[in-house]
Undergrad: 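My questions will all concern the structure given below.
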Amino acid sequence: MRTVTTIPHPHIKITVHQYNDKYLIEMEAAQYKQTYKISVDSVDGVEGIKALCSPEFIQKCMQRFQSMHEDFGHAFAAMKK
């Protein structure tokens, strides 16, 4: 797997990798990670990946991070009881 590019964002780390004819778009925030796989034939290279990572898509990812954090917090609290 090789890193193709990073996409700057003030709140999350966005890294694009290429592996087995797929791009892997990794979004990271704190201890959470979301990975999206897409065929290299589905987009027009790095510019296509950047277009895919629209502000609306990133906002949805950030909302998902919040949900992940809440779910993990609930699970951790339940474990401690």
Side-chain angles (χ1 to χ4, degrees):
M1 178 165 44
R2 71 179 182 93
T3 301
V4 176
T5 192
T6 58
I7 300 172
H9 191 274
H11 302 291
I12 60 176
K13 180 180 177 184
I14 305 171
T15 308
V16 180
H17 302 283
Q18 188 174 356
Y19 181 72
N20 286 345
D21 295 322
K22 297 207 181 298
Y23 287 118
L24 286 76
I25 306 166
E26 290 184 347
M27 310 264 187
E28 295 181 61
Q31 71 241 37
Y32 308 107
K33 183 185 288 190
Q34 299 173 46
T35 303
Y36 300 88
K37 294 180 185 179
I38 185 167
S39 170
V40 295
D41 298 333
S42 298
V43 292
D44 187 22
V46 172
E47 292 308 313
I49 294 291
K50 289 180 179 180
L52 180 66
C53 293
S54 67
E56 295 81 13
F57 178 70
I58 292 173
Q59 181 62 35
K60 291 286 189 177
C61 290
M62 292 176 66
Q63 290 170 355
R64 202 165 293 110
F65 279 127
Q66 182 61 36
S67 294
M68 291 168 75
H69 180 70
E70 291 168 5
D71 293 344
F72 185 74
H74 293 312
F76 193 73
M79 180 194 73
K80 290 290 192 179
K81 287 184 181 180

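Please read all numbers here as calculations on a predicted model, not as lab measurements.
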Undergrad: Rounded to the nearest 0.5 Å, what separation is found between the NZ atom of K60 and the OG atom of S54?
TA: 11.0 Å
Undergrad: With the side chain counted from C-beta on, respond yes when I14 and I58 share a heavy-atom pair under 4.5 Å apart, and no when they do not.
TA: yes
Undergrad: Any side-chain heavy atom of E26 within less than 4.5 Å of one from Q34?
TA: no
Undergrad: What distance do L52 atom CG and I38 atom CD1 have between them, rounded to the nearest 0.5 Å?
TA: 5.5 Å
Undergrad: Ignoring hydrogens and geometry, is there a side-chain-to-backbone donor-acceptor pair from T3 to T5 under 3.5 Å?
TA: no
Undergrad: With sequence neighbours left out, write down each residue that passes side chain to side chain contact (heavy atoms under 4.5 Å, CB included) with S67, or none if nothing qualifies.
TA: none
Undergrad: Is any side-chain heavy atom of H9 less than 4.5 Å from a side-chain heavy atom of M62?
TA: yes
Undergrad: Would you say I7 and I49 make side-chain contact, with heavy atoms under 4.5 Å?
TA: yes
Undergrad: State plainly whether one hydrophobic cluster holds both I12 and M68, where clusters connect Ile, Leu, Val, Met, Phe, Trp and Tyr through side-chain heavy atoms under 4.5 angstrom apart.
TA: yes
Undergrad: Any chance you could measure K22, atom NZ, to L24, atom CG, to the nearest 0.5 Å?
TA: 9.0 Å
Undergrad: Compare all side-chain heavy atoms of T6 with those of V16 and state whether any distance is below 4.5 angstrom.
TA: no
Undergrad: Kindly compute the distance separating CD (Q18) from CZ (R2), expressed to the nearest 0.5 Å.
TA: 4.5 Å
Undergrad: Listing request: all ring pair (Phe, Tyr, Trp, His ring centres under 6.0 Å) pairs with a residue in residues 40-71, at least two apart in sequence or in separate chains.
TA: Y32-H69, Y36-F57
Undergrad: More than 12 heavy atoms of other residues, nucleotides or ligands under 6.0 Å from CG of D71: is that the case?
TA: yes
Undergrad: Heavy-atom distance under 4.5 Å between the side chains of I25 and C53, does that happen here?
TA: yes
Undergrad: Count I, L, V, M, F, W, Y as connected when their side-chain heavy atoms are under 4.5 Å apart, and connections chain through other members. Are V40 and Y19 then in the same cluster?
TA: no
Undergrad: Going from NE2 on H17 to NZ on K37, what distance comes out if it is rounded to the nearest 0.5 angstrom?
TA: 12.0 Å
